[in-house]
**Student:** 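One structure is given below, represented as structure tokens, and several questions about it will come after.
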Amino acid sequence: MALVGFLRAENCTNLPASWRHPGSRTDFLSADFYREIARVLEAGKFHLAFFDDRLAMPDRYGNDHVHAVKYGIRCVKLDPIVVLMTMGMATQHLGLGSTYSTTYYEPFHVARLFATLDLMSDGRAAWNVVTSLNDGEALNMGRAETMDHDLRYDRADEFMHVVHGHWDTWDDDALIVDKSSGLFADGSKVHRLDHDGQFFRSRGPFTVPRSAQGHPVVIQAGQSGRGRRFAARWGEVIFSSASSVETGRKSYAALKGEAERLGRNPDEMVICNLVLPVCAATKAEAEDKMALAQQLPLEIDQLSLLSEGLNFDFASKGLDEPLSDAELASISGLQSIRDRVLASGGKANPTTREFIAFSHRGRPDDAVVGGPKEVADVLEEQFSERVCDGFVVAATHVPGGYADFVCHVVPELQRRGIFHTEYTGTTLRESLGLPRPVVGAWKGQVSSSASARP
């Protein structure tokens, strides 16, 4: 079982109300805040600390940022790569993952950034590939609006070709560094990419040799049809969500099957289901903690995050006013949320209030609440029923939410023999049981863009 800590380099967790929690630390602008989280996760033998990230504060609701700042709705966003280096220096085994967009950066830059992080962390780096999703990010990065949903993924496919091509520039034995002969490296083992495609041109040669794990682990979380094909093509760690064991099993099998169809070994993909545990020494204590967490969110939290995530201004609609067919079709952000609301509510044209109710956006309503046994039972069932290979663990507050999980649930998972008691290697790939990639191995796979076309 793999465990991933779901973090944000922000003033809150993925729950915007978390900063209001009496147990939350408020020094989120300090290095020690993140070092402490890292130490807690490594003490719990987590495989990976992962930072989600956006390139804008939530300002799609009413097309104004004031509400986000006033209520502390993800309005402070630090650069997660710099934060990860701070966490890396405080740990020895914990994997270090960060989000970076294929829409607003150049492949060479992203390849060099993560390859350097990989070297500086002794092979512990991971890149969460996103295409970005709302107009606020576009406006911050010099664009008028976000790119069409499927076109973003077509562009991202080529982006991945370029990044992997650069990561394969240096053969493993290219470096010689022989002072006596004066020979630094074998020039015939350093290759220029010379990529000239639809979206990108990048010559090379790349300037960063391969790391102990070959190259950074690739994370993906595409949930839409096009996004899932992209995840099956490129993702080595996949973030998923499942409303039930039955739907989770189907999704797990479908994703593994799609990966195999694209020429990949499905066993070289770790699927992690999102979970929000609220735990304590006893179920009663955990229920008290949950009652507190449920009191903290505000309606504006949900409206703001829905507008940001779906790239649709919910301030333009009354709470009980249905969205039109055209408005639903215009949603270009997280279409999986729209689809889940449509499926859960059973209406073709749900209202804003129904989006709030069925999405649970910004609320802890889907938390797994209990003592060690109750929480471990849920995780073990999903793991053993092949809903997932592990979990992306979110927190109601930090670092306390993770400290509770490490204190109460991790020992129970270890007692049951389904979670490791020690790290099994020095690199992230070794820890996750993923093979070190051979240079050029990715080239034999089918393009997810090509597979989407008739």
**Student:** Any salt bridge linking Lys289 with Asp404? Criterion: basic side-chain nitrogen under 4.0 Å from a carboxylate oxygen.
**Tutor:** yes
**Student:** Taking atom types as modelled and ignoring hydrogens, do the side chains of Thr131 and Arg152 form a donor-acceptor contact shorter than 3.5 angstrom?
**Tutor:**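 Short answer, yes.
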**Student:** Do Tyr61 and His67 have ring centres separated by under 6.0 Å?
**Tutor:** yes
**Student:** Please determine if Arg39 and Glu36 form a salt bridge, counting it only when a charged side-chain N lies under 4.0 Å from a carboxylate O.
**Tutor:**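 Counted as a salt bridge, because a side-chain N and a carboxylate O are separated by less than 4.0 Å.
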**Student:** May I ask you to check whether Glu158 and His195 show a side-chain donor-acceptor distance below 3.5 Å?
**Tutor:** yes
**Student:** Given salt bridge (Lys or Arg N to Asp or Glu O under 4.0 Å), test Arg436 with Glu430 step by step and report yes or no.
**Tutor:** CA-CA 8 Å; Arg436 189 178 189 272; Glu430 289 170 340; over 6 Å; no
**Student:** Please step through side chain to side chain donor-acceptor pair (under 3.5 Å) for the pair Thr247 and Ser244, ending with a clear verdict.
**Tutor:** CA-CA 5 Å; Thr247 59; Ser244 69; 3.0 Å; yes
**Student:** I'd like to know if Arg416 and Glu380 make a salt bridge, using a cut-off of under 4.0 Å between side-chain N and carboxylate O.
**Tutor:** yes
**Student:** Less than 4.5 Å apart, any side-chain heavy atom of Val368 and any of Val278?
**Tutor:**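 Of all side-chain heavy-atom pairs linking Val278 with Val368, none is under 4.5 Å.
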**Student:** Does the side chain of Ser30 come under 3.5 Å of the side chain of Asp32 through a donor N or O and an acceptor N or O?
**Tutor:**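 The answer is no; no qualifying pair exists.
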**Student:** Provide the closest heavy-atom pair for Cys388 versus Ile271 in the form atom of the first, atom of the second, distance.
**Tutor:**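 For Cys388 versus Ile271, the nearest heavy atoms are CB-O, 3.4 Å.
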**Student:** Between Asp168 and Arg210, does at least one N-O distance fall below 4.0 Å, as a salt bridge requires?
**Tutor:**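 Looking at Arg210 together with Asp168, the answer is yes, because their closest N to O distance falls below 4.0 Å.
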**Student:** Does Arg25, at its CZ atom, have more than 12 non-hydrogen atoms belonging to other residues, nucleotides or ligands within less than 6.0 Å?
**Tutor:**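 Count over threshold, so yes.
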**Student:** Decide if the gap between the ring center of Phe50 and the ring center of Phe239 is smaller than 6.0 angstrom.
**Tutor:**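 Yes - the distance between ring centres of Phe50 and Phe239 falls below the 6.0 Å cut-off.
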**Student:** How close do Leu306 and Ser359 get, heavy atom to heavy atom, and via which atoms?
**Tutor:** CD2-OG, 3.5 Å
**Student:** Would you say Glu385 has more than 12 foreign heavy atoms packed within less than 6.0 Å of its CD?
**Tutor:** yes
**Student:** Show the nearest heavy-atom pair for residues Leu7 and Met87, with the distance to one decimal.
**Tutor:**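 Distance-wise, the nearest heavy atoms are CD1-CE, 3.8 Å.
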**Student:** May I ask you to decide whether Arg226 forms a salt bridge with Asp157, counting only side-chain N to carboxylate O separations under 4.0 Å?
**Tutor:**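 A salt bridge is present here (some side-chain N lies under 4.0 Å from a carboxylate O).
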**Student:** Looking only at heavy atoms, which two atoms of Thr116 and Val208 are closest? And how far apart?
**Tutor:**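 What the structure gives for the nearest pair is OG1-CG2, 4.0 Å.
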**Student:** Less than 3.5 Å apart, any donor N or O on the side chain of Tyr104 or Asn140 sitting next to an acceptor on the other?
**Tutor:**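 No, no side-chain donor-acceptor pair sits under 3.5 Å.
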**Student:** Assess whether side-chain contact (heavy atoms from CB on, under 4.5 Å) is satisfied between Leu78 and Glu10, documenting all intermediate values.
**Tutor:** CA-CA 6 Å; Leu78 307 182; Glu10 300 177 359; over 6 Å; no
**Student:** Distance from Glu268 atom CD to Leu434 atom CG, nearest 0.5 Å?
**Tutor:**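 Here the rounded value is 7.5 Å.
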**Student:** Carefully, step by step, assess Thr427 and Arg124 under the rule side-chain contact (heavy atoms from CB on, under 4.5 Å).
**Tutor:** CA-CA 5 Å; Thr427 71; Arg124 292 189 281 151; 5.9 Å; no
**Student:** For the pair Phe159 and Trp127, name the ring-plane relationship: parallel under 30°, tilted 30 to 60°, perpendicular over 60°.
**Tutor:** tilted
**Student:** Please tell me whether Tyr252 and Arg386 have a donor and an acceptor in their side chains that are separated by less than 3.5 angstrom.
**Tutor:**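 Distance-only check passes for Tyr252 and Arg386.
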**Student:** Rounded at 0.5 Å granularity, tell me how far OG1 in Thr102 sits from CH2 in Trp234.
**Tutor:** 11.5 Å
**Student:** What are the two closest heavy atoms between Ala68 and Pro58, and how far apart are they?
**Tutor:**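 Heavy-atom minimum between the residues: CB-O, 3.3 Å.
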**Student:** Determine whether Tyr34 and Phe51 make a side-chain contact, defined as any pair of heavy atoms from C-beta on separated by less than 4.5 Å.
**Tutor:**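 Counting from C-beta outward, Tyr34 and Phe51 do come under 4.5 Å.
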**Student:** With rounding to the nearest 0.5 Å, note down the distance linking CG in Asn311 to OG1 in Thr146.
**Tutor:** 6.0 Å
**Student:** For Gln302 and Arg363, indicate whether the former's side chain and the latter's backbone hold a donor-acceptor pair under 3.5 Å.
**Tutor:**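 Between the backbone of Arg363 and the side chain of Gln302 there is no qualifying donor-acceptor contact (under 3.5 Å).
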**Student:** Under the side-chain hydrogen bond (donor to acceptor under 3.5 Å, both in side chains) rule, collect the residues that match up with Asp59, sequence neighbours excluded.
**Tutor:**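 Expected list: none.
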**Student:** Determine, stepwise, if the pair Arg228 / Glu258 fulfils salt bridge (Lys or Arg N to Asp or Glu O under 4.0 Å).
**Tutor:** CA-CA 9 Å; Arg228 287 180 66 82; Glu258 178 70 6; over 6 Å; no
**Student:** Classify the ring geometry between His215 and Trp167 as parallel (under 30°), tilted (30 to 60°) or perpendicular (over 60°).
**Tutor:**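 Parallel.
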**Student:** So that I can tick it off, tell me whether Asp389 and Lys256 are bridged by a salt bridge, with the cut-off set at under 4.0 angstrom between side-chain N and carboxylate O.
**Tutor:** yes
**Student:** Under the rule for side chain to side chain contact (heavy atoms under 4.5 Å, CB included), what residues qualify as partners of Leu113, not counting sequence neighbours?
**Tutor:** Ile81, Tyr100, His109
**Student:** To the nearest 0.5 Å, what is the distance between CE (Met85) and OG (Ser98)?
**Tutor:**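 Answer rounded to 0.5 Å: 12.5 Å.
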**Student:** If we ignore angles and hydrogens, is there a donor and acceptor under 3.5 Å between the side chains of Asp52 and Asn128?
**Tutor:**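 Distance-only check fails for Asp52 and Asn128.
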**Student:** When you look at His21 and Thr396, which way does the side chain to side chain donor-acceptor pair (under 3.5 Å) test go after all the steps?
**Tutor:** CA-CA 8 Å; His21 194 287; Thr396 55; 4.6 Å; no
**Student:** Start with the C-alpha gap between Val177 and Leu183, add the side-chain angles, then the distance that decides, and say whether side-chain contact (heavy atoms from CB on, under 4.5 Å) holds.
**Tutor:** CA-CA 6 Å; Val177 196; Leu183 188 60; over 6 Å; no
**Student:** Could you go through the side chain to side chain donor-acceptor pair (under 3.5 Å) check for Ser132 and Ser101 one step at a time?
**Tutor:** CA-CA 6 Å; Ser132 297; Ser101 174; 2.8 Å; yes
**Student:** Knowing that exactly one of Arg429, Gln220, Arg264 qualifies, which makes a side-chain hydrogen bond (donor to acceptor under 3.5 Å, both in side chains) with Glu236?
**Tutor:** Arg429
**Student:** Might you work through the ring pair (Phe, Tyr, Trp, His ring centres under 6.0 Å) test for His420 and His47, ending with a clear yes or no?
**Tutor:** CA-CA 10 Å; His420 64 191; His47 295 78; 4.5 Å; yes
**Student:** Side chains of Ser211 and Asp118: do they bring a donor and an acceptor to under 3.5 Å?
**Tutor:**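 Asp118 and Ser211 do have a side-chain donor-acceptor pair below 3.5 Å.
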**Student:** Search all heavy atoms of Gly72 against all heavy atoms of Asn11 and return the closest pair with its distance.
**Tutor:** O-ND2, 2.9 Å
**Student:** Dump the intermediate steps for side-chain contact (heavy atoms from CB on, under 4.5 Å) on Glu106 and Phe200, then the final yes or no.
**Tutor:** CA-CA 8 Å; Glu106 287 294 319; Phe200 300 105; 3.9 Å; yes
**Student:** Mind telling me whether His164 and Trp442 have parallel, tilted or perpendicular rings, with 30° and 60° as the class edges?
**Tutor:** tilted
**Student:** First locate atom OG of Ser332, then atom CD of Glu145, and finally report the distance between them rounded to the nearest 0.5 Å.
**Tutor:**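 CD of Glu145 is found 8.5 Å from OG of Ser332.
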**Student:** For Phe33, look at atom CZ and say whether over 12 heavy atoms of other residues, nucleotides or ligands are found less than 6.0 Å away.
**Tutor:** yes
**Student:** Any chance you could measure Phe405, atom CZ, to His408, atom NE2, to the nearest 0.5 Å?
**Tutor:**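 If we round to the nearest 0.5 Å, Phe405:CZ and His408:NE2 are 11.5 Å apart.
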**Student:** Can a salt bridge be assigned to the pair Glu308 and Arg60 using a cut-off of 4.0 Å between side-chain N and carboxylate O?
**Tutor:**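 Salt bridge flag = no for Arg60 with Glu308.
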**Student:** Can Lys189 and Asp173 be said to form a salt bridge (Lys or Arg N to Asp or Glu O under 4.0 Å), step by step?
**Tutor:** CA-CA 8 Å; Lys189 296 182 179 181; Asp173 58 350; 2.8 Å; yes
